Amino acid sequence: MPFLTRNISCLAILAILISALVGCKTITSSDTVDYKRSSGEVRGPNLSYPPDLITAQADRRYVVQDGTATMSEYVAATKKTAQLRANVMTGIPGMRIARDGDRRWLVVEKPAAELYPQIKDFWQENGFLLTTDSPSTGIMETDWAENRPKIQQDWIRSTINSALDSISDTGERDRYKTRLEVVKPDETEVYITQKGAIEKCVTDTTGTCLYTIWTARPTDPELEAVFLQRLMERLGMTQEMAKAQMAAPVVAKTPKANLVQEGNAAHIEVVNGFDRAWRDVGLALDRSNFTVEDRDRSNGIYYVRYVNQKETSETKGFFSNLFSSKDDSALKAKKYRVIVKSTGDTSCSVYVQDADGKPENTPAGLQLLTLLTDQLGR
């Protein structure tokens with residue numbers, strides 16, 4: 001009897017806790033992308049609205065001014081407030097989405113140096129920590145994060161997860177790389193690329209799961225599009241306008257990359273001018289296991305590190321190492337140069353060199369060119 005009484009008491013306490021949680025949180029969300037914030041995260045200020053909006057959010061025409069301001073000073077202040085509000089709501093002029101097939105990127109009429117800190121704040125607002133933060137190269141990359149809305153929710157699980165966030169796990173992680181490319185002094189292209197990992201079981205002959213490992217999964221262009229749209233809204237565009245730009249019809253993409261082998265040497269022939277070839281090679285590098293350390297557009301050089309997944313995937317929990325705040329510099333990474341060379345108005349060639357600038361006519365060089373060709377053809 002005491003055992004029964006004790007169990008009934010425990011159930012009663014659990015019911016009270018659940019009721020309290022339900023009362024404290026409304027479990028409704030129309031958003032399908034919400035990444036779990038890392039513990040101990042140092043977050044920036046709440047920038048849900050542009051900073052200038054803080055000074056212009058209220059209509060102060062009926063508020064008595066402090067001090068002994070004259071009527072002319074009051075009128076001038078009112079005009080300034082109205083102008084601030086107009087500037088905030090207008091956002092950055094000349095902002096648009098460019099696309100090629102399923103690839104999208106943002107073009108902003110603003111210098112990269114001014115745009116970079118705003119994009120950095122944007123990722124912090126969306127719950128990400130940055131493992132790469134390089135204003136000098138215009139490259140930032142987030143840590144791995146879990147997209148919580150991918151978990152199937154019922155009201156009980158949602159309520160419990162609000163208190164115990166680690167009960168459910170999607171078994172998937174994403175990270176995002178942002179690269180700013182200067183096209184003109186006052187025009188910047190912003191590229192967002194996603195990488196995914198999924199947890200899989202390693203089984204024995206009976207099908208029993210022995211342990212799990214993290215393996216790469218294909219990139220998701222739609223996730224990239226979600227954050228491009230959010231970034232446009234963060235920079236001042238209305239949600240309706242941003243959605244309209246993202247919903248523009250897909251332009252058919254023409255094949256433009258071909259791997260050519262001549263004995264031990266190999267290169268990629270690209271049917272595009274230098275500007276587009278440089279852009280496409282940059283996106284291909286971002287979506288592969290390359291880490292761009294630096295680049296020299298005037299000479300068509302990407303300085304990269306490459307982690308060969310085949311050399312590291314045999315190590316149990318390889319991807320789990322990537323889920324820490326560390327980058328991949330401790331892994332088996334080698335340095336290369338990826339060269340984009342113009343051969344005509346509508347043609348370019350892509351080569352791979354070693355760290356010293358010598359042709360990489362090795363199986364490793366051929367493997368890298370094959371990976372790039374596959375990405376360029378998508």
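All residue numbers refer to positions in the sequence shown, counting from 1. This is a predicted model, so every value here is computed, not measured.
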Chemist: With no hydrogens and no angle check, is any side-chain donor or acceptor of Arg173 less than 3.5 Å from a backbone partner on Ala197?
Modeler: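 Not at all, since once roles are kept as given, no pair shorter than 3.5 Å links the two residues.
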
Chemist: List for me each residue that meets side-chain contact (heavy atoms from CB on, under 4.5 Å) alongside Ala355, sequence neighbours excluded, and say none if there are none.
Modeler: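 With sequence neighbours excluded, Ala355 shows a side-chain contact (heavy atoms from CB on, under 4.5 Å) to Lys335, given in chain and number order.
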
Chemist: Mind checking salt bridge (charged side-chain N to carboxylate O under 4.0 Å, His left out) for Asp354 and listing every partner two or more places apart, or none if nothing turns up?
Modeler: none

Chemist: Where is the tightest heavy-atom contact between Leu180 and Ala112, given as atom of each residue plus distance?
Modeler: CD2-O, 3.8 Å

Chemist: How far apart are the C-alpha atoms of Leu376 and Ile268, what are their side-chain angles, what is the distance that settles it, and do they pass the side-chain contact (heavy atoms from CB on, under 4.5 Å) test?
Modeler: CA-CA 10 Å; Leu376 289 169; Ile268 304 172; 4.2 Å; yes

Chemist: Of all residues at least two apart in sequence or in a different chain, which pass the side-chain contact (heavy atoms from CB on, under 4.5 Å) check with Met241?
Modeler: Met237, Thr238

Chemist: Please find the pair of heavy atoms, one from Val340 and one from Ala277, that lie closest to each other, and give the distance.
Modeler: CG1-CB, 4.1 Å

Chemist: Take Leu106 and Ile97, measure what side-chain contact (heavy atoms from CB on, under 4.5 Å) needs, and give me the verdict at the end.
Modeler: CA-CA 5 Å; Leu106 183 60; Ile97 285 290; 4.1 Å; yes

Chemist: Would you say the side chain of Tyr176 lies within less than 4.5 Å of the side chain of Leu223, judging by non-hydrogen atoms?
Modeler: yes

Chemist: State yes or no: do Phe274 and Leu283 share one hydrophobic cluster built from I, L, V, M, F, W and Y residues joined by side-chain heavy-atom distances below 4.5 Å, directly or via other members?
Modeler: no

Chemist: Is the shortest heavy-atom distance from the side chain of Thr142 to the side chain of Thr131 under 4.5 Å?
Modeler: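 No. Closest side-chain heavy atoms not under 4.5 Å.
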
Chemist: Looking at OG1 of Thr137 and CG of Asp294, how far apart are the two atoms once the value is rounded to the nearest 0.5 Å?
Modeler: 6.5 Å

Chemist: Using a strict 4.0 Å threshold on nitrogen-to-oxygen distance, state whether Arg295 and Glu181 make a salt bridge.
Modeler: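 Here Arg295 pairs with Glu181 in a salt bridge, since their nearest N and O are under 4.0 Å apart.
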
Chemist: Any non-hydrogen side-chain atom of Leu228 less than 4.5 Å from a side-chain atom of Arg230?
Modeler: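 No; the side chains remain at least 4.5 Å from each other.
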
Chemist: Just one of Gln194, Arg103, Arg287, Arg104 clears the side chain to side chain donor-acceptor pair (under 3.5 Å) bar with Glu224, so which one?
Modeler: Arg287

Chemist: Looking at Arg234 and Glu125, is there a salt bridge between them, counting it only when a charged N and a carboxylate O are closer than 4.0 Å?
Modeler: yes

Chemist: Who are the side-chain contact (heavy atoms from CB on, under 4.5 Å) partners of Thr208, not counting sequence neighbours?
Modeler: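 Thr208: side-chain contact (heavy atoms from CB on, under 4.5 Å) contacts with Asp204, Thr206.
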
Chemist: Are Phe122 and Met232 connected into the same hydrophobic cluster when the rule is that any two of I, L, V, M, F, W, Y join if their side-chain heavy atoms are below 4.5 Å apart?
Modeler: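 Met232 and Phe122: one cluster.
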
Chemist: Residues in salt bridge (charged side-chain N to carboxylate O under 4.0 Å, His left out) with Arg279, at least two apart?
Modeler: Asp100

Chemist: Who are the salt bridge (charged side-chain N to carboxylate O under 4.0 Å, His left out) partners of Lys341, not counting sequence neighbours?
Modeler: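 Partners of Lys341 under the salt bridge (charged side-chain N to carboxylate O under 4.0 Å, His left out) test: none.
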
Chemist: Would you call the rings of Phe128 and Trp123 parallel, tilted or perpendicular, where under 30° means parallel and over 60° means perpendicular?
Modeler: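 Because their plane-to-plane angle is over 60°, the rings of Phe128 and Trp123 count as perpendicular.
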
Chemist: So which atom in Lys195 and which in Ser288 form the shortest heavy-atom distance, rounded to 0.1 Å?
Modeler: NZ-O, 2.8 Å

Chemist: Can you name the nearest heavy-atom pair linking Arg337 to Gly357, along with the distance?
Modeler: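 Heavy-atom minimum between the residues: NH1-CA, 3.8 Å.
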
Chemist: If you group Ile, Leu, Val, Met, Phe, Trp and Tyr by side-chain heavy-atom gaps below 4.5 Å, do Met140 and Val226 land in one group?
Modeler: yes

Chemist: Measuring from Leu285:CG to Arg305:CZ, what's the distance to the nearest 0.5 Å?
Modeler: 13.0 Å

Chemist: If you look only at pairs with a residue in residues 182-193, which of them pass as a side-chain hydrogen bond (donor to acceptor under 3.5 Å, both in side chains), with sequence neighbours excluded?
Modeler: Glu189-Tyr191

Chemist: Quick one: does any side-chain atom of Asp143 pair with a main-chain N or O of Leu129 as donor and acceptor, under 3.5 Å?
Modeler: no

Chemist: For Asn258, look at atom CG and say whether over 12 heavy atoms of other residues, nucleotides or ligands are found less than 6.0 Å away.
Modeler: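 Result for CG/Asn258: enclosed.
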
Chemist: Specify the closest pair of heavy atoms between Ala242 and Gln229, including all atoms of both residues, with the distance to one decimal.
Modeler: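 For Ala242 and Gln229, the tightest heavy-atom pair comes out as CB-CG, 3.8 Å.
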
Chemist: Test of understanding: with ring pair (Phe, Tyr, Trp, His ring centres under 6.0 Å), list the residues that count as partners of Tyr302, not counting sequence neighbours.
Modeler: Trp278

Chemist: Would you check, one step at a time, whether the test side-chain contact (heavy atoms from CB on, under 4.5 Å) holds for Met95 with Leu235?
Modeler: CA-CA 9 Å; Met95 183 167 51; Leu235 295 176; 3.8 Å; yes

Chemist: Got a second to check how far Thr178's OG1 is from Ile139's CD1, nearest 0.5 Å?
Modeler: 10.0 Å

Chemist: Determine whether the side chains of Tyr35 and Asp174 contain a donor N or O and an acceptor N or O closer than 3.5 Å.
Modeler: yes

Chemist: Taking Glu141 first and then Arg179, would you say they form a salt bridge - that is, a charged N and a carboxylate O separated by under 4.0 Å?
Modeler: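 Salt bridge between Glu141 and Arg179, a charged N being under 4.0 Å from a carboxylate O: no.
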
Chemist: State the OG1-CG distance between Thr373 and Leu259, to the nearest 0.5 angstrom.
Modeler: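 Those atoms lie 4.5 Å apart.
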
Chemist: Could you measure the distance from the CD1 atom of Ile119 to the CG atom of Leu130? Nearest 0.5 Å is fine.
Modeler: 11.0 Å

Chemist: Answer with yes or no whether the hydrophobic clustering places Tyr306 together with Leu366; edges join I, L, V, M, F, W, Y residues whose side-chain heavy atoms lie under 4.5 Å apart.
Modeler: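 Yes.
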
Chemist: In Å, rounded to the nearest 0.5 Å, how long is the span from CG of Asn126 to CG of Leu231?
Modeler: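 One finds 9.5 Å between CG of Asn126 and CG of Leu231.
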
Chemist: Any chain of hydrophobic side-chain contacts (each under 4.5 Å) joining Val108 to Trp105?
Modeler: no

Chemist: Going through the checks in order, is the side-chain contact (heavy atoms from CB on, under 4.5 Å) test met by Arg96 and Gln245?
Modeler: CA-CA 7 Å; Arg96 68 185 188 280; Gln245 289 216 24; 3.8 Å; yes

Chemist: Once side-chain contact (heavy atoms from CB on, under 4.5 Å) is applied, do any residues pair with Pro359, and if so which ones, sequence neighbours excluded?
Modeler: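 Per chain and number, Pro359 pairs via side-chain contact (heavy atoms from CB on, under 4.5 Å) with Asn361.
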
Chemist: Determine which pairs satisfy disulfide (SG to SG under 2.5 Å) with at least one residue from residues 171-238, sequence neighbours left out, and list them in order.
Modeler: Cys201-Cys209

Chemist: Taking distance alone, no hydrogens or angles, what donor-acceptor pairs closer than 3.5 Å link side-chain atoms of residues 344-353 to residues at least two apart or in another chain?
Modeler:
{"unit_1": "Ser347", "atom_1": "OG", "unit_2": "Thr343", "atom_2": "OG1", "d": "2.9"}
{"unit_1": "Ser347", "atom_1": "OG", "unit_2": "Gly344", "atom_2": "N", "d": "3.4"}

Chemist: Under the 3.5 angstrom rule, does the side chain of Asn299 hit a backbone N or O of Ile301 as a donor-acceptor pair?
Modeler: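 Side chain of Asn299 to backbone of Ile301: no pair is present.
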
Chemist: Is it true that Glu199 and Thr212 share a donor-acceptor pair across their side chains at a distance under 3.5 Å?
Modeler: yes

Chemist: Could you work out, with salt bridge (charged side-chain N to carboxylate O under 4.0 Å, His left out) as the rule, every residue matching Lys177, not counting sequence neighbours?
Modeler: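 With neighbours one apart ignored, the set is Asp286.
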
